[in-house]
Amino acid sequence: SSTRSSVVVIGAGISGISAAKVLAENGIEDLVILEASDRIGGRIRKENFGGVSVELGAGWIAGVGGKESNPVWEIAAQLGLRTCFSDYSNARYNIYDRSGKIFPSGIAADSYKKAVDSAIQKLRDLDANCVDDASKGTDQPLTPKTPIELAIDFILHDFEMAEVEPISTYVDFGEREFLVADERGYEYLLHKMAEDFLFTSEGKILDSRLKLNKVVRELQHSRNGVTVKTEDGCVYEANYVILSASIGVLQSDLISFRPPLPRWKTEAIEKCDVMVYTKIFLKFPCKFWPCGPEKEFFIYAHERRGYYTFWQHMENAYPGSNILVVTLTNGESKRVEAQSDEETLKEAMGVLRDMFGPDIPNATDILVPRWWNNRFQRGSYSNYPIISNNQVVNDIKAPVGRIFFTGEHTSERFNGYVHGGYLAAGIDTSKAALEEIRKDERKNENQTFLL
Ligand code: FAD
């Protein structure tokens, strides 16, 4: 038998925790949080590597220094989270070719400008095609071909779309980005939020309303409530469910709905792309890369797009750590996830030897996160196609009966970011859920009154 709670929150990432916190603060005490993994945090996750804490998931607080204040930045500041200013715009002046030569800044700047112009042109063509299918632009935008063009195309599209179209995060909160470099990890912020409403002792959450290792497999819903079934055979009854699983999980068959979700919902879920973003960490016995000002980020230009293109050294974050990070995305991420870490280490060393010569030492350790193959994630973050309209995100976000959908992917302005999840869940979803709960309460009061 099971008791019935007002709300079951599925997922204990930033979204699930912020939704639950707001509900608790508004008097909804009988809630249950079901989390599939053995920890809270979700895509905010640190791991000890090479003697320091590295962030496998979210690493930056993006959008700082603007007209409005980023709420995640505010919380981080209150907690005294250690951060480090990042400026990867100068990466474009540290582009190495395969023989280890750095492209002269003139050539790099030229290629960069061409790539930005071409991307803008492509966007305009897309817009024009939406209005009038027949009027295809005649000057085809430049297709990147040479290694430097490919590298810049990768940086532009997989990192810095801001230069091509306005990104709400930067418009609203400012263009600065800070890397979290704190031994307690980015997840410390989440632990502190959880402590505000969950019973904690000596830094450990002991509250029985948080249930870890509970993989939700089925949501049976009706006008009267929702029955939640987990993989280990437990059943939870709730008046409402707040589902914060990622867009990748929604696209997978992990959770089944009875009755099935309506077509408009599943179609919207399919329309959102899942971005895979992989930060590979490499530990070295010593430093062999330049470390002066404006050298934190560097680029490798190879004839294959996205092949170990984007590099960062961690000397600013953790001086003396001798750690490099290389970022792969999408196809390259999936390829690397499927092979052994030794294989990946060999490839990365080949790339580093191209850039810095044959005599550099081998890495002594490697860490390869696998967001794509994690069945509780199935990717890194949502990425709405540029031409998609707000209807898609609104449909993904819209409740179905007593099930509310939340998470980073339901944020209209800030999807893909920590603050997106924080705001979507902590403001929109919890407000909508509270309204329904209050309506029910009023209904019940009236009924009692009539009796
Ligand atoms: P999640 O953190 O995914 O939380 C959902 C939770 O639901 C998870 O804990 C999951 O285990 C659980 N769950 C899933 N399925 C089930 C189930 N069936 N039953 C029970 N529980 C389930 N953002 C930034 O702002 N800055 C960055 O620099 C940045 N970089 C990133 C780099 C990487 C590699 C990745 C992966 C993400 C990055 N992001 C970044 C995005 C950011 O991490 C996410 O937007 C945010 O953490 C998402 O939070 P969420 O609560 O919506 O989802």
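Both ligands and their constituent atoms are indexed starting at 1 by order of listing.
Side-chain atoms of S382 and E408 include a donor-acceptor pair closer than 3.5 Å. Inspection of the N70 and E74 side chains reveals no N or O donor paired with an N or O acceptor under 3.5 Å. Side-chain polar atoms of H419 and T169 form a donor-acceptor pair below 3.5 angstrom. For Q251 and E270, the side-chain atoms include no donor-acceptor pair closer than 3.5 Å. Between the side chains of S37 and E35, at least one donor N or O lies within less than 3.5 Å of an accepting N or O.
Remark: distances from the non-hydrogen atoms of G416 to ligand 1 include one below 4.0 Å. Using a non-hydrogen distance threshold of 4.0 Å, G59 registers as a contact of ligand 1.
Between W371 and ligand 1, no N or O atom pair is found at a separation short of 3.5 Å. For W60, a nitrogen or oxygen atom sits less than 3.5 Å from a nitrogen or oxygen atom of ligand 1, counting backbone and side chain alike. Residue contacts with ligand 1: G379 is placed with no nitrogen or oxygen under 3.5 Å of a nitrogen or oxygen of the ligand (distance criterion only).
Aromatic rings of W60 and F178 (six-membered ring for Trp) have centroids beyond the 6.0 Å cut-off, not under it. Between F356 and F298, the ring centre distance stays below 6.0 Å. No close placement of the Y417 and Y381 rings is indicated, their centers lying 6.0 Å or farther apart. For F154 and F310, the ring centers sit 6.0 Å or farther from each other.
Interface atoms of ligand 1 facing A245, defined by a heavy-atom separation under 4.0 Å, are 14 (C), 15 (N). When each atom of ligand 1 is checked for a heavy atom of G42 under 4.0 Å away, the hits are 2 (O), 8 (C), 9 (O). For ligand 1, the atoms sitting less than 4.0 Å from at least one non-hydrogen atom of I10 are 19 (N), 20 (C), 21 (N), numbered in the order shown with element in parentheses. Using a 4.0 Å cut-off to heavy atoms of I255, the atoms of ligand 1 that qualify are 18 (N). Close approach of ligand 1 to I44 is summarised as follows: ligand atoms under 4.0 Å from at least one heavy atom of the residue are 47 (O). Less than 4.0 angstrom separates some heavy atom of L254 from each of these atoms of ligand 1: 15 (N), 18 (N). In summary, the atoms of ligand 1 found under 4.0 Å from a heavy atom of Y381, numbered by their order in the structure, are 37 (C), 38 (C). The contact set between ligand 1 and Q377, taken as ligand atoms under 4.0 Å from a residue heavy atom, comprises 3 (O), 8 (C).
When side chains are defined from C-beta on, I403 counts as touching L219, because their heavy atoms get closer than 4.5 Å. Side chains of Y307 and Y300 form a contact here, defined as non-hydrogen atoms less than 4.5 Å apart. Side-chain contact check for L367 versus V54: some heavy-atom pair is nearer than 4.5 Å.
Of all protein heavy atoms, the one closest to atom 52 (O) of ligand 1 is S15 OG, 2.7 Å. If you check which protein heavy atom lies closest to atom 5 (C) of ligand 1, you get S244 O, 3.5 Å. Protein heavy atom in closest approach to atom 13 (N) of ligand 1: A36 CB, 4.2 Å. Protein heavy atom nearest atom 30 (N) of ligand 1, with residue, atom name and distance: A58 CA, 3.3 Å. For atom 44 (C) of ligand 1, the nearest non-hydrogen atom of the protein is E408 CG, 4.0 Å. Protein heavy atom in closest approach to atom 10 (C) of ligand 1: E35 OE2, 3.5 Å. The nearest protein atom to atom 46 (C) of ligand 1, hydrogens excluded, is given as I14 CG2, 4.1 Å; this is a heavy-atom distance. Remark: minimum distance from atom 53 (O) of ligand 1 to any protein heavy atom is reached at R43 NH2, 2.9 Å.
Annotation: cation-pi pair R45/Y186 absent, no NZ/CZ under 6.0 Å from the ring centroid and within 45° of its normal. Taking the ring axis of W372 as reference, the NZ or CZ atom of R378 stays within 45° of it and closer than 6.0 Å to the ring centre. Under the 6.0 Å distance and 45° angle rule, K265 counts as a cation-pi partner of F405.
Under 4.0 Å from ligand 1, the heavy atoms of L56 that appear belong solely to its backbone. Contacts between Y277 and ligand 1, counted as non-hydrogen atom pairs separated by less than 4.0 Å, involve both the backbone and the side chain. Within the 4.0 Å heavy-atom criterion, the part of L34 lying near ligand 1 is the backbone and not the side chain. Counting heavy atoms under 4.0 Å from ligand 1, residue V418 touches it through both backbone and side chain. At a 4.0 Å heavy-atom cut-off, ligand 1 touches K214 through the backbone alone. Contacts between V216 and ligand 1, counted as non-hydrogen atom pairs separated by less than 4.0 Å, involve both the backbone and the side chain.
Considering each of S380, A424, S18, G407, the one bringing a non-hydrogen atom nearest atom 36 (C) of ligand 1 is S380.
Between F284 and W289, the ring planes are perpendicular. Angles over 60° get that label, and only those under 30° would be called parallel.
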